[in-house]
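To find a chain, count down the sequence lines: A is the first, B the second, and so on, and within it residues start at 1.
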Amino acid sequence: MSIESRSMRTARVIIQHRWWYLLLTTLLTFLTASQLPHLKIDNSNESFFQTGDPTKLRLDRFKETFGNDDFVFVLVDVNNAFDPQTLRALQGLAERLDREVPHLLDLTWIGNVEWIEGVPGGIVIDELIPDLNLPASELGEISARALADPLYRDRLVSADARTVGILLEFENYPELGIDPRKESPPVIQAIVDDFKTFETHLVGGPIMDYDMDNQTAVEAPRWMMGALLGMCLVLAFTTRSVLGVLVPAATVILSVIWTMGFVSMLGFTLNLLVILVPTLILCVGIGDTMHVVAELQQHERTGLSRKNALIATLDLVTRPIILTTLTTAIGFLAFVATDLIPLQQLGVQAALGVVIAFVLTFIFAVPVLSFRTARWRKAETAPKEDKKTDLFDRLLTRTGNFVTANPLLIGGTFLVLTVVALVGMSRLIVETNTIQDLPNDNPLRVAFEYVDSKMGGSMSIEIVVDTRQPDGIKNIDLLRQVERLQTFLGQQPEVTQTSSVLDQLKQMHRAVHENNPAAYQLPDGSNQVAEYLLLYESGGGNQLDSFVSFTYDQIRVQARTKSIALRDVERLQQAINNFVEAEFSGNVSVYDTGTLSMFARIADLIAKGQLQSFSLAFVAIALVMIVTLRSIALGAIAMIPNVLPVVFALGAMGWFGAQLNMIGMVLAPMILGVAVDDTVHFFVRYRRYFHETGNYTQAYLKTLRTVGRPLLFTTLVLIVGFSGFLLSIFAGPRNFALASMLAFSTALLAEFLLVPVLLSWLKPLGREEAANTVNSPLITT
Amino acid sequence: MHIRILICISTLLLTHIANATQLSGREVALKMDAIDTSSDGTRDATMVIQRGNQQLVRKLAILNKKFGEDERSLIRFVAPADVRDTQYLSWTYEDPQQEDDMWVFFPSDNLVRRISGGGKKGSFMRSDFANEDIENRAVDDDVHTFVELSKLNTRDVYVIESKPIAAKAKDSNYHHRRSWVDQEYWIPLQIEYYDTRGRLIKRLSQGDIQHIDGIWTATKLVMETPRRKSKTLMQYDNVRFNVGHATSRFEQSALKR
């Protein structure tokens with residue numbers, strides 16, 4: 001039994017039981033829609049990594065040793081940080097933060113930070129400002145001391161004393177169902193909002209994630225509405241009928257509801273990447289129904305009844321639709337081969353959405369279209385002659401004539417453009433620092449840049465020196481090595497500040513030696529180190545747990561940087577690695593971790609994942625094409641119009657300097673999976689017409705005339721649909737949209753222009769039958 | 001019927017009498033303060049600090065001597081080896097207005113330095129004990145409130161709440177402490193430490209109470225910090241009272257070898 005007749009029988013069954021199918025659709029829609037409120041958003045960098053990822057493991061180990069590295073920095077603009085009135089007002093703010101912010105472990109600011117000082121015969125361990133009501137003259141002295149000391153300057157107060165930082169550090173979060181990390185930012189925001197006299201800026205990991213989450217919640221509906229609106233306009237323009245707009249639109253909306261409902265049931269969280277999924281499903285899923293509608297309109301024009309026209313339509317499109325669903329799903333599933341969790345989730349969810357859109361085409365769109373009362377506009381069923389002057393027909397006719405007349409020009413142009421695009425691809429830059437992806441006036445970016453300019457940097461790379469033996473870090477020789485490492489870090493152009501427990505040891509050494517500035521250095525022997533650490537830990541020593549491991553086997557050196565681009569992170573990492581290899585012996589393990597290391601790791605995974613997922617999608621789709629077209633040669637030619645769009649899109653990004661971030665990584669396999677839809681429809685029809693006519697040119701022109709129209713329309717809808725991403729405030733989704741739009745246009749152009757040229761040159765379907773004239777134009781205007 | 005009324009009345013009366021004999025929070029605190037009748041003492045302390053699956057062991061020798069209401073103590077570190085013979089001498093005063101004195105001796109530098117200022121809130125040798133938990137706290141450094149009579153592990157206890165007076169609040173990590181004080185030994189069997197938000201920070205359990213030289217003494221202390229998943233066991237051995245330490249041992253000049 002051939003697949004065509006099976007399709008026809010399926011069509012009859014669906015039409016016969018249409019009410020049952022619609023009921024089923026309604027029930028499942030209610031079920032899935034009820035799950036939507038449970039969807040959760042998570043944008044933390046850690047959520048990107050698999051449990052076994054070495055970078056994640058290192059970060060976990062780091063957190064276990066030195067505590068939660070999460071912090072929020074509240075920056076307050078003031079006229080003079082050491083003015084008594086300002087100090088009292090700041091204390092009010094600090095006290096409220098201390099009292100109300102959830103999961104707070106420690107709050108540090110100039111009003112409560114410790115101060116260690118040597119005096120004749122003694123050491124004073126006190127607060128920097130023991131009393132906020134001190135006379136102005138004494139506060140002036142304290143100000144001078146604090147601004148001269150690197151432990152405070154540009155950390156808790158800017159060098160010009162006009163910015164005060166309140167540092168909030170968090171406990172290791174309890175492992176509860178809700179995300180405790182998300183609890184503090186709204187509380188902090190509400191408190192600083194109450195202090196209207198202050199201009200404040202907030203930075204830090206939790207703030208960034210919270211902002212991104214909020215942005216995510218705003219962006220997704222915006223993209224979807226943009227895409228949907230654009231697509232409806234194109235549908236209205238191309239089908240000229242209410243039904244032609246409503247049925248495809250309703251089908252994809254239902255597909256999105258079902259998919260997100262299932263996603264919620266499966267317990268996935270949403271992030272800035274996964275929220276691409278609904279819009280992707282809208283754009284990619286609409287093709288199935290559009291082909292049905294376009295073909296149905298054509299069949300009804302020949303005078304067939306609605307039911308018979310629908311059966312004939314399904315006979316023609318079921319096979320290619322199954323194939324396109326399969327290939328698109330493969331394109332998305334290829335992301336499972338990557339090591340980044342959000343991408344894997346996106347892959348699975350988008351593939352699920354594509355399959356759901358296919359199912360809904362049959363159990364929802366077909367039953368709805370089968371009702372005789374669902375009429376097209378009268379003009380749509382008018383005699384075919386009336387439509388000959390249609391803009392799209394004219395366009396397709398001219399295309400056909402142009403291609404048959406200028407094969408060399410077309411082949412040559414594509415060759416040149418491909419070379420240009422390949423050069424562009426080599427210029428692509430990967431960027432994973434999300435802050436760099438924000439517009440210049442975004443408050444979050446402004447806050448980060450404020451910290452960069454005023455307080456010596458908003459990001460950090462953490463270096464851990466692990467001696468692998470208890471008390472190992474009390475060894476003075478090792479400490480001298482660490483001191484050289486810290487000095488080296490301080491000399492790097494990206495680094496604005498460094499800190500480690502060596503700072504405290506030097507401070508302690510100076511204090512023991514009655515504040516002699518020359519004594520601001522490491523102690524002479526290991527025993528002194530132990531004794532100073534003992535005094536430091538007994539005398540307040542808040543910082544000890546953050547910088548020295550519990551059993552004194554590991555030491556942490558922090559290098560603060562501005563919000564730097566990925567290439568600078570990579571350079572810094574390389575410089576550190578080189579230094580460590582030259583300076584440290586094999587008994588000591590030195591590794592980097594923290595935010596910047598994660599950016600670098602994500603970039604690695606992007607580069608690797610891009611290649612893996614693209615290769616996987618390419619091989620799988622090529623196999624499907626070869627099997628479907630029952631010809632290796634034809635399958636191979638069919639891959640050309642699918643790979644070219646990827647090359648063109650990435651090439652254009654390279655030339656225009658657009659940065660490739662995680663969203664960009666979606667591009668290649670997705671383009672491949674989507675572009676192949678055109679190819680499937682085109683080649684399946686081409687092969688059929690070649691067997692009918694025995695002539696490559698005639699097969700091409702007939703293909704163009706029949707399936708060309710829906711292909712043009714689906715591409716138009718895709719392009720307009722993807723323009724929804726242009727509404728994003730992030731550069732990533734906007735670049736993604738532009739690159740995709742270029743890719744889909746390229747795919748269609750390659751299909752219409754390049755493929756016929758290649759087919760007529762390479763003749764993969766065998767020799768032409770002599771009866772047919774090769775170059776006779778079949779389409780006349 | 002008459003008997004029932006009689007029972008009711010006597011119950012009410014008894015309750016009233018019981019309430020009348022019940023101690024106030026400050027009276028309980030005074031009782032606790034009064035149990036140590038010794039003039040001086042000595043003990044060896046072993047601290048085992050556990051955090052996750054890591055642990056640190058610290059050993060100290062502690063001497064103390066009372067000077068009227070005031071007290072002086074000398075702590076000498078025995079282990080780990082790298083801090084052996086480092087010594088802390090502290091003089092604590094009953095008068096809340098007078099700041100305590102402290103000196104430290106660094107054997108490597110052979111230097112004595114007077115330590116002044118804060119540090120009370122800091123952790124004691126990275127343990128779960130803060131310096132303020134270890135030191136002898138004057139009764140009137142806190143305002144004590146009676147909470148209830150209760151039982152803890154079959155023992156009758158007074159539950160009191162102690163909140164630092166305004167002058168001392170700045171030097172304390174805690175908003176208040178809640179103590180379960182044994183009604184026989186006048187030793188708190190359990191103390192819970194709370195922050196300003198009323199969240200439990202730490203919990204101390206005291207046990208292995210021995211009658212040494214006529215004085216009830218808890219020799220095993222466990223301080224837990226649930227949020228950090230850490231705990232510290234403090235074990236006192238060789239406890240002796242009234243040994244007759246010379247006053248000169250508690251002078252800073254005696255710190256240097």
Query raised in the report: Nearest heavy-atom pair of B:L56 and A:T551: which atoms, and what distance?
Result: CD2-CA, 3.9 Å

Query - Positions in residues 523-531 of chain A that reach chain B, provided some heavy atom is under 4.5 Å away - result: A:N527, A:Q528, A:A530, A:E531

Query raised in the report: Where does A:P470 contact chain B at under 4.5 Å (heavy atoms): side chain, backbone, both or neither?
Result: neither

**Report entry** Spatial distance of atom CG (A:L104) from atom CZ (B:R199) [nearest 0.5 Å]
**Finding:** 7.5 Å

Query raised in the report: When heavy-atom pairs shorter than 4.5 Å are enumerated against chain A, which of B:Q55, B:R51, B:R84 gives the highest number?
Result: B:R51

Query raised in the report: Would you say B:K66 has more than 12 foreign heavy atoms packed within less than 6.0 Å of its NZ?
Result: yes

Report task. Would you give the length of the straight line joining atom CD1 of A:I123 to atom CZ of B:F106, rounded to the nearest 0.5 angstrom? Result -> 4.5 Å

Query - Heavy-atom neighbours of B:K59 NZ exceed 12 at 6.0 Å - result: no

Query raised in the report: Which atom pair, heavy atoms only, marks the closest approach of A:F550 to B:R126?
Result: O-NH1, 3.3 Å

Query - Evaluation steps, side-chain contact (heavy atoms from CB on, under 4.5 Å), between A:V124 and B:I115 - result: CA-CA 6 Å; A:V124 178; B:I115 307 290; over 6 Å; no

Report task. With sequence neighbours excluded, tell me which residues meet salt bridge (charged side-chain N to carboxylate O under 4.0 Å, His left out) with B:D109. Result -> none

Query raised in the report: Side chain, backbone, both or neither: which part of B:L111 has an atom under 4.5 Å from a heavy atom of chain A?
Result: side chain

Report summary line: Among A:G122, A:P130, A:A511, the residue with the most heavy-atom pairs under 4.5 Å to chain B is A:G122

Query raised in the report: salt bridge (charged side-chain N to carboxylate O under 4.0 Å, His left out) with A:R88: which residues, sequence neighbours excluded?
Result: none

Report task. Identify the residues of residues 73-83 of chain B whose heavy atoms come closer than 4.5 Å to a heavy atom of chain A, ordered by number, or report 'none'. Result -> B:F77, B:D82, B:V83

Query raised in the report: Does NZ in B:K231 sit with more than 12 non-hydrogen atoms of other residues, nucleotides or ligands closer than 6.0 Å?
Result: no

Query raised in the report: Which distance, rounded to the nearest 0.5 Å, do you find between the CE of A:M508 and the CZ of B:R113?
Result: 13.0 Å

